[in-house]
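Since the structure comes first, as structure tokens, the remarks are kept for the end.
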Amino acid sequence: MPASHFLHQLQLCARRRTPSTAKRLHAQLIKTALHLCVPLPNTLLDTYGKCGLVEDALHLFDEMPHRDHVSWASILTAHNQANMPHRTLSMFPAMFESDGLQPDHFVFASVVKACSSLGAVRQGYARSGRKSDAFEMFERLPVKNLFSWTALISGLVQSGHGVDALYLFIEMRREGVHIVDPLVLSSIVGACANLAVLELGKQVHSLVIRLGYESCLFISNALVDMYAKCSDILAAKDIFGRMHQRDVVSWTSIIVGAAQHGQAEKALSLYDEMVAVGIKPNEVTFVGLIYACSHVGLVSKGRALFRSMMEDYGISPSLQHYTCFLDLLSRSGHLGEASNVIDSMPFEPDEPTWAALLSACKHHGDTQTGIRVADHLLSLKPEDPSTYILLSNVYAGARMWENVAEVRKLMAAREVKKKPGYSCIDIGKETQVFYAGETSHPMKDEMFSLLKDLDAEMRRRGYVPDSSFVLHDMEHQEKERQLFWHSERLAVAYGLLKAVPGTVIRIVKNLRVCGDCHTVLKFISSIVKRDIVVRDATRYHHFSNGECSCNDFW
DNA sequence: CATAGGTCAT
């Protein structure tokens with residue numbers, strides 16, 4: 001039988017994903033002594049990979065006397081497809097160490113994909129003392145094409161380097177790669193979502209329209225998510241409403257968006273609508289739904305959904321589902337039932353699980369349980385400043401000042417530093433960043449006098465500063481002064497001075513909003529009759545008319 | 001021979 005016949009059969013087999021045929025062809029090939037003649041082994045490698053027979057592929061690969069770029073690309077891709085990114089990366093250095101080959105644009109795409117599934121695009125995939133990251137490898141590529149750009153940009157977004165991804169996207173356009181495919185665009189929309197940069201997101205949206213990808217399903221899904229994450233839930237609903245076609249991702253995105261913005265009833269009614277039009281919810285949908293319930297204390301509805309997920313849809317709850325469910329129970333004061341769930345669930349509780357319980361203990365004034373949970377958290381994550389702050393808040397809530405001081409000492413002894421807080425606000429196309437305590441801003445005098453006026457009016461309306469959120473050891477007056485300069489207040493003051501009157505003021509903060517600022521923002525929203533939306537490290541706060549969408553529970 | 005999208009908790 002001629003080689004071309006085998007080639008054809010193998011390609012057919014790769015398309016049809018029939019592992020047994022792949023093995024049979026391989027056996028026949030060995031008999032004909034053709035099996036090590038290029039390009040047959042490469043095609044066989046590819047076929048094995050596509051049929052999910054990664055071990056057979058590796059065996060063949062090891063036997064091959066001559067391996068070229070194609071062999072390497074095929075074996076690395078086979079490992080990615082078998083969901084073994086670690087093996088992809090540990091094999092890869094042998095490409096130059098043993099075979100003396102430099103990565104080409106095919107190999108690059110596979111390696112970057114492996115890095116991004118591990119969330120480590122910028123950390124160095126290379127072993128044996130080779131200092132390098134995906135950027136350097138990219139620079140050295142003899143050929144860069146759309147695949148290389150897309151792989152790197154998507155990988156950066158997935159590993160949390162959204163800013164790098166955005167710059168790279170701009171560079172890609174400048175380099176003349178104008179054939180932008182929807183894949184890279186969806187990654188870029190995702191980067192805007194993660195960074196919560198609404199203005200840039202809008203620009204990318206207009207690019208999507210210009211390129212004619214508006215009706216592409218997964219781009220629309222990404223846009224819905226982006227607008228929701230950038231705190232513009234109305235725009236998210238608008239896109240969703242105008243979609244011609246909606247899948248489970250579209251519905252889940254808008255349900256989660258509504259839930260995160262405190263619109264639990266809306267989330268639940270969207271779910272009914274979704275089921276009515278025949279879309280089956282998946283495990284992610286239920287996370288969003290239980291989360292929605294926990295925000296408005298719909299305990300029995302949440303329990304029903306948790307049951308329905310298992311009984312009607314055969315989805316067995318993950319640790320995330322349990323954590324969400326626990327959050328629902330403990331927020332609504334069912335701390336005993338929550339403990340039972342922790343004891344009986346088939347998972348070891350992780351940090352988020354304990355954190356959900358801790359937040360509830362704080363809210364319901366169960367200091368004893370709170371301290372136990374916080375100690376547990378501290379042993380799990382001794383390097384995370386937020387745990388110390390939670391513990392300190394538990395003590396402060398119970399007015400146990402000596403213990404507050406002890407936590408502070410412990411932080412100092414372990415050299416755990418509180419991350420500096422900052423808040424961003426977009427005015428037109430310009431983004432302003434404010435750090436806590438910042439006093440060098442050109443408009444600081446106007447901002448200061450506005451904040452002072454607001455402070456006076458707030459106090460007339462009954463505001464009492466709550467300085468228990470200030471961790472440092474200082475005089476009472478000094479503590480109040482600290483609060484006064486928290487970054488979100490600076491950003492709000494700037495927004496009130498500079499933004500178009502009547503528009504929503506949108507702020508993105510890197511840390512959680514402190515309890516005192518939360519109170520202040522509620523007051524400000526009613527005094528100036530403006531809506532303020534703050535996206536903090538964990539959720540959205542929509543302040544309007546003196547109230548917040550989070551129901552004061554966060 | 002290759003690149004892709006959504007969720008909770010902190």
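Naming convention: chains lettered A, B, ... in sequence-line order (proteins, then strands); numbering from 1 in each chain. The model shown is predicted, which means the values in this text are computed figures rather than measured ones.
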Closest listed nucleotide, where the reference is the side chain of T150(A) and the choices are dT10(B), dT3(B), dA2(B) | dT3(B)
Atom pair distance, as rounded to whole Å: CG in D181(A) and C1' in dA2(B) | 12 Å
Specify the separation, in whole Å, of atom CG of L168(A) and atom P of dA4(B).
-> 15 Å
When the distance from CG of D104(A) to C1' of dT3(B) is rounded to whole Å, what number comes out?
-> 14 Å
Is it true that the side chains of T285(A) and T252(A) contain a donor and an acceptor less than 3.5 Å apart?
-> yes
NA contact type, D247(A), heavy-atom cut-off 4.0 Å: base, sugar-phosphate, or nothing?
-> base
Please state whether the phosphate of dT3(B), meaning OP1 or OP2, lies under 4.0 angstrom from any side-chain nitrogen or oxygen of Q158(A).
-> no
Of the nucleotides dG6(B), dA2(B), dT3(B), which has the atom closest to the L183(A) side chain?
-> dT3(B)
Atom-to-atom span, CG of D225(A) to P of dG5(B) - whole angstrom | 12 Å
Side chain of R539(A) only, please: which of dC1(B), dA9(B), dG5(B) is the nearest?
-> dA9(B)
Once you round it to whole Å, what is the distance between P of dG6(B) and NZ of K280(A)?
-> 22 Å
Got a sec, which residues hit salt bridge (Lys or Arg N to Asp or Glu O under 4.0 Å) with D384(A), two or more places apart in sequence or on another chain?
-> K381(A)
Within the 6.0 Å centroid threshold, strictly below: F108(A) and F147(A) = no
Between F325(A) and H321(A), is the ring centre distance below 6.0 Å?
-> no
Of the candidate nucleotides dG6(B), dT3(B), dC1(B), which contains the atom at the shortest distance from the side chain of V70(A)?
-> dC1(B)
With sugar-phosphate meaning primed atoms plus P, OP1 and OP2, does N42(A) contact a base, only sugar-phosphate, or nothing at under 4.0 Å between heavy atoms?
-> nothing
Name the nucleic acid region contacted by V248(A), choosing base, sugar-phosphate or nothing; use a 4.0 angstrom heavy-atom cut-off, strictly under.
-> base
Contact list for residues 315-331 of chain A, test salt bridge (Lys or Arg N to Asp or Glu O under 4.0 Å), sequence neighbours left out = D327(A)-R331(A)
At under 4.0 Å between heavy atoms, what does N221(A) touch on the DNA or RNA strands: base, sugar-phosphate, or nothing?
-> base
With a centroid cutoff of 5.5 Å and a plane-angle limit of 30°, would you call F147(A) stacked on dA2(B)?
-> yes
Identify which nucleotide among dG6(B), dA2(B), dT10(B) has an atom closest to any side-chain atom of T252(A), counting heavy atoms from C-beta outward.
-> dG6(B)
Please check if the distance between the ring centroids of F92(A) and W72(A) is under 6.0 Å.
-> no
To the nearest angstrom, how far is I153(A) atom CD1 from dA4(B) atom C1'?
-> 12 Å
Identify whether any heavy atom of N145(A) sits under 4.0 Å from a base atom; if not, whether one sits that close to sugar-phosphate; answer base, sugar-phosphate or nothing.
-> base
Report which part of the nucleic acid H105(A) touches: base, sugar-phosphate, or nothing (heavy-atom distance under 4.0 Å, all strands).
-> base
NA contact type, T538(A), heavy-atom cut-off 4.0 Å: base, sugar-phosphate, or nothing?
-> base
Rounded interatomic separation in angstrom, taking CZ from R535(A) and P from dT10(B) | 14 Å
Write down the distance between NE2 (H66(A)) and P (dC1(B)), rounded to a whole number of angstrom.
-> 22 Å
For the side chain of T77(A), starting at C-beta, report the closest nucleotide among dA2(B), dC1(B), dA4(B).
-> dA2(B)
Indicate, yes or no, whether a donor-acceptor pair under 3.5 Å links the base of dA2(B) to the side chain of N80(A).
-> no
Out of dC1(B), dG5(B), dA2(B), which has the shortest distance to the side chain of S74(A)?
-> dC1(B)
